[in-house]
Amino acid sequence: MVYKFDYLGDLCRSFCKIIQKYTKYIVVSGFLVIMSGRSRATEDIDIIIKPIDLNTFIKLHKELVQNQFQCLQSSDPIEIFSRYLKENLPVRYIKNGNFIPNIELKFAKDKLDEYQILTRKKIPFTEIDIFFSSIEANIAFKEELLKSPKDLDDAKHLRIVYSDDLDEKEIEKIKKMIHKFRL
Amino acid sequence: MKKEMDFVQFWAEKFKQNPEKSRKLLNSFINNQILRAQAQLKKLPPNKLIEIFKITNEKIIESLFAESQE
């Protein structure tokens with residue numbers, strides 16, 4: 001059966017549509033790989049945002065709740081902000097009471113995250129109008145930091161699908177940044 | 001010696017050649033997986049869901065127990 005709707009895409013679009021009113025965001029990792037055609041399962045969509053202050057977050061959270069999103073950690077935006085996001089801990093949002101798929105949200109925590117937000121891109125091949133971290137950044141993270149069999153297969157998939165457009169120097173540059181900031 | 005098929009490479013190349021057709025198949029596969037996972041989760045008691053998803057939102061916890069009583 002071929003579904004007309006797109007569970008992951010719809011969830012991501014509705015979340016990003018709200019987030020973009022308050023700050024810059026990037027969608028990273030598995031969701032980009034799946035939207036680029038990789039046939040594998042995922043339970044969540046990872047989103048990194050440029051840090052915002054408490055008052056802005058309260059407004060953002062309120063709009064998310066008005067659009068049927070709930071945070072698994074707390075319904076109090078002050079608690080979500082101070083106990084999690086500000087401490088660089090991720091939080092998860094679900095929509096319409098469904099635990100899968102969910103959104104993992106976190107603040108950019110270092111220069112590497114800031115760089116990814118600075119170089120964010122829309123990627124027409126994915127057919128979804130949202131900002132992703134660059135293909136090069138995703139390959140670099142998967143090959144240099146994450147390195148699980150699933151991540152290495154993800155990187156391989158991205159290398160094949162985007163083989164005509166890849167900037168190898170950029171991948172190497174980000175790998176060096178990973179060593180500097182994360183390893 | 002039989003050459004082992006590299007599914008990642010096979011599928012990536014197939015997708016690149018015909019993204020429109022492959023995306024329909026892929027969406028169907030992903031949506032089916034999500035629906036199946038959601039159905040399985042509905043069978044779990046609240047405590048298991050709280051443990052799996054590390055839920056600390058009291059409103060969600062309350063509603064999970066209320067639903068399980070129905």
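Below, chain A is the first sequence line, B the second, and so on; all start at residue 1.
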Could you tell me which portion of [X] (side chain, backbone, both or neither) has an atom closer than 4.5 angstrom to a non-hydrogen atom of chain A?
X	result
L49(B)	side chain
Q38(B)	side chain
K42(B)	side chain
L64(B)	side chain
I30(B)	side chain

D164(A) bridged to K16(B) by N-O distance under 4.0 Å:
yes
Would you say the side chain of I60(B) lies within less than 4.5 Å of the side chain of Q70(A), judging by non-hydrogen atoms?
yes
Contact check, side chains of I100(A) and L41(B), non-hydrogen atoms, under 4.5 Å:
yes
Just give me the residue among [options] that pairs up with chain B most often, heavy atom to heavy atom, under 4.5 Å.
options	answer
H157(A), Q73(A), E79(A)	Q73(A)
E127(A), E43(A), R92(A)	E127(A)
G9(A), S36(A), G97(A)	S36(A)

What residues of residues 13-35 of chain A sit under 4.5 Å from chain B when only non-hydrogen atoms are counted?
I34(A), M35(A)
Nearest-0.5 Å distance, CD of residue Q9(B) to CG of residue D153(A):
11.0 Å
From N57(B) CG over to S75(A) OG, what is the distance, rounded to the nearest 0.5 angstrom?
4.5 Å
Side chains of Q33(B) and Y7(A) only: does a donor on one sit below 3.5 Å from an acceptor on the other?
no
Listed partners of F10(B) passing ring-ring contact (aromatic ring centres under 6.0 Å, His included), at least two apart
none
Do the rings of F99(A) and F53(B) sit parallel, tilted or perpendicular, given the 30° and 60° boundaries?
parallel
